[in-house]
Amino acid sequence: MMRPRVQPERLLTPAEGAALLRVDPKTVTRWAEQGKFGSIRTLGGHRRYSEAEIRAFLAGTGQGPMPASSPSAPLT
């Protein structure tokens, strides 16, 4: 009997997580420290974040990808 292949979870660097969330990489680190999503450390001490957790956080906050830059309305 063959076992089904399991796809390994994709881990993101702080820069990749920041690009998805549209924030600075330091913000991603700070949010992970606050428990908003988890992080792991590589053997070299670098942080990595679960792509699934980042996407779930993004969906839960109501922040979608920001639209391409458009002219803003004048302030009144």
Side-chain angles (χ1 to χ4, degrees):
M1 182 163 102
M2 291 183 55
R3 291 179 18 190
R5 286 187 155 202
V6 176
Q7 294 291 336
E9 184 175 10
R10 183 155 191 277
L11 298 175
L12 305 176
T13 64
E16 291 169 332
L20 279 176
L21 295 168
R22 302 264 183 164
V23 297
D24 189 86
K26 294 280 186 189
T27 301
V28 175
T29 300
R30 188 172 40 254
W31 285 350
E33 289 173 350
Q34 292 172 357
K36 295 182 186 226
F37 43 82
S39 70
I40 63 164
R41 295 277 186 144
T42 65
L43 292 176
H46 300 279
R47 292 180 188 270
R48 294 293 181 265
Y49 307 95
S50 161
E51 181 179 24
E53 282 189 50
I54 296 286
R55 290 192 183 277
F57 174 76
L58 184 62
T61 62
Q63 290 181 329
M66 296 176 81
S69 60
S70 60
S72 57
L75 297 173
T76 55

May I ask you to test the Tyr49-Leu21 pair for a side-chain heavy-atom distance under 4.5 Å? no

Please report the closest heavy-atom contact between Ala18 and Asp24, naming both atoms and the distance. CB-C, 3.8 Å

Determine, for Arg48 against Glu9, whether the closest basic-nitrogen to carboxylate-oxygen distance falls under 4.0 angstrom. no

Roughly how far, to the nearest 0.5 Å, is CD1 of Ile54 from CZ of Arg10? 11.5 Å

Would you check, one step at a time, whether the test side-chain contact (heavy atoms from CB on, under 4.5 Å) holds for His46 with Thr13? CA-CA 8 Å; His46 300 279; Thr13 64; over 6 Å; no

Whether Trp31 and Phe57 hold their rings parallel, tilted or perpendicular, with breakpoints at 30° and 60°: tilted

Which atom names give the shortest non-hydrogen contact between Leu11 and Ile40, and what distance separates them? CD1-CD1, 3.5 Å

Kindly compute the distance separating NZ (Lys26) from OG1 (Thr29), expressed to the nearest 0.5 Å. 6.5 Å

